[in-house]
Novice: 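Dropping the structure in here first, questions after.
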Protein chains: 2
Amino acid sequence: MKEQLKLHSVFSVDCVIFGFDGEEIKVLLIERGEEPYKNYFALPGDLVKEDEDLETAAGSVLQSLTGLKDIYMEQYYTFGKVNRHPLGRIITVAYYALVNLHEFQPKASSFAKGIGWVSLANIPSLGFDHNAILEKAIERLKWRVTVKPVGFELLNNKFTLRQIRKLYEAILEKNLDKRNFRRKILKMDFLLPLEEKQKNVAHKAARLYQFDYARYKELSAKGYNFDF
Amino acid sequence: MKEQLKLHSVFSVDCVIFGFDGEEIKVLLIERGEEPYKNYFALPGDLVKEDEDLETAAGSVLQSLTGLKDIYMEQYYTFGKVNRHPLGRIITVAYYALVNLHEFQPKASSFAKGIGWVSLANIPSLGFDHNAILEKAIERLKWRVTVKPVGFELLNNKFTLRQIRKLYEAILEKNLDKRNFRRKILKMDFLLPLEEKQKNVAHKAARLYQFDYARYKELSAKGYNFDF
DNA sequence: GCAAAAGTGTTGGTTGTACACCCATGA
DNA sequence: TCATGGGTGTACAACCAACACTTTTGC
């Protein structure tokens, strides 16, 4: 067994990376290849270097696993119980990120022997206090989508109204009325309707939309409400 | 001049302590007695000891200045820019607290040569990145009161409807219609009307109310909305 | 032709907002 | 008697929630 490494007063970042497969919200978990919590699933994370900002550290974790840059990320809480980490006093600053899971193939990095998407319904017992960290991320995401239309980060660039409704239903864990949802989200006026339609679907093809960032910026400058 | 002390990878807590004097929201600031930022105003804070939880550390800071225990506190963000602290890499976990400023006399502690309540309209340039830390606390408090009736922590045990309306007006920075406010907050059904009335006021004495914690707990178990 | 999802309006209830006057009290 | 805030109700507008049928497409 490896010699116990005793660390002092250091800090790490952990990342909850959310993706959406069209039906469910999933989280990117790694399977740990080393002690402590060897063979456990855990959230990806890393120690923060002396000369590295927290956001940068969180961004690197994300990039090493997904290859993605410039992703929506939000710091949401810091976990610092004295004994949360078996190797010493390590507080961890937690971020969550929203990514389009069809855009890349996750790659395990150094400390992980495996990596994969796990749906929120099937989260196992994770290493460290990561179950609590994940719980809080979910809670925060639920609130966030009612305040800011961040969900689009989880979808393709072009999407149907059904896809975004399914996404909101997955995040908020409740069903939303089709007609009311359409009316409401279109009234918000930041969806750009395209001429393009779905192809090769076994039903009437739905119109595609794009998120209009410029328009959104204008609108949100003077406040907005995104409840569903 | 004092020898520069170089610290490595440590963390601190900073506390934004809000009080309400009946008209304005105020913050408890200390005047620093030592370098760095000697003679600047700053938020009270302290390094976190190896064997101390973050909440405990924040609680001690609060207690050393106010003598109060069991106060409403909420962790809201962690600030970790590489160069935010001139003595080394110190990330700081920020908490805000809500206290009744008539309940105690603030006392300066070791690192402070002065202490006092400063209204939000008159915040000077603070040491470190404390202006940003304070800004974010205000933002968070504004949101918090629309989600949970925490404002009562800032008032006396018994209060009038006017007092609580003034408080909400101060936090949200907008005027609230007297009749609508009354109707709405009474409908929420967690205010206990007392027989007691104000005394020695040069106008019709207002009825006093108490916050009914037990009732609130019942109600919030099944969700609630506190917009104004 | 069938299964699957797209697209489309109306109604009733609830909630929000704006607004003005008389009352009690102490100075 | 005056100044200050306490206490009260209504009408209109906006928003929310519930609900069903026809259309298009691929198989």
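Naming: A, B, ... by sequence-line order, numbering from 1 per chain.
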Novice: Is the shortest side-chain heavy-atom distance between Phe190(A) and Glu218(A) below 4.5 Å?
Specialist: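 Side-chain contact under 4.5 Å: no.
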
Novice: What pair of heavy atoms forms the shortest contact from Leu191(B) to Tyr209(B), and how long is it?
Specialist: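 What the structure gives for the nearest pair is CB-CD2, 4.0 Å.
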
Novice: Ring centroid separation for Phe79(A) and Tyr77(A), is it under 6.0 angstrom?
Specialist: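 Distance test on ring centres: under 6.0 Å, yes.
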
Novice: Which pair of non-hydrogen atoms, one from Cys15(A) and one from Ala58(A), has the smallest distance, and what is that distance?
Specialist: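 Heavy atoms of Cys15(A) and Ala58(A) come nearest at SG-O, 3.7 Å.
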
Novice: Do other residues, nucleotides or ligands put more than 12 heavy atoms under 6.0 Å from the NZ atom of Lys107(A)?
Specialist: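 For Lys107(A), atom NZ is not crowded (no more than 12 foreign heavy atoms under 6.0 Å).
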
Novice: Protein-nucleotides 10-12 of chain D N/O pairs closer than 3.5 Å?
Specialist:
unit_1  : atom_1 : unit_2    : atom_2 : d
dT10(D) : O4     : Arg183(B) : NH2    : 3.0

Novice: For Asp177(A) and dG9(C), give me the distance from atom CG to atom P, rounded to whole Å.
Specialist: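 So the CG-P distance, Asp177(A) to dG9(C), works out to 15 Å.
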
Novice: Of Tyr168(B), Phe211(B), Phe152(B), which meets ring-ring contact (aromatic ring centres under 6.0 Å, His included) against Phe159(B)?
Specialist: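 Only match with Phe159(B) under ring-ring contact (aromatic ring centres under 6.0 Å, His included): Phe152(B).
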
Novice: Would you say that more than 12 heavy atoms from the other residues, nucleotides or ligands in this model lie under 6.0 Å from the CD of Gln63(B), or not?
Specialist: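 Yes.
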
Novice: In whole angstroms, how far is the P atom of dA18(C) from the CG atom of Asn175(B)?
Specialist: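 So the two atoms are 12 Å apart, to the nearest Å.
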
Novice: Quick one: do Lys142(B) and Glu139(B) satisfy salt bridge (charged side-chain N to carboxylate O under 4.0 Å, His left out)? Show the steps, please.
Specialist: CA-CA 5 Å; Lys142(B) 269 189 194 170; Glu139(B) 192 185 291; over 6 Å; no

Novice: Taking CG from Leu186(A) and P from dG9(C), how many angstroms apart are they, rounded to a whole number?
Specialist: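 In whole Å, dG9(C) P lies 13 Å from Leu186(A) CG.
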
Novice: Can you tell me how far C1' of dT14(C) sits from NZ of Lys184(B), to the nearest Å?
Specialist: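 Result: 12 Å.
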
Novice: Would you kindly give the CZ-to-P distance between Phe159(A) and dA6(C), to the nearest whole Å?
Specialist: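 Whole-Å distance recorded here is 14 Å.
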
Novice: Provide, to the nearest angstrom, the distance between the CG atom belonging to Leu176(B) and the C1' atom belonging to dG16(C).
Specialist: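 My rounded result for the distance is 13 Å.
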
Novice: Any chance you could list the contact pattern along nucleotides 2-8 of chain D? Use B for base contacts, S for sugar-phosphate-only contacts and - for none, protein heavy atoms under 4.0 Å, 5' to 3'.
Specialist: -BBBBBB

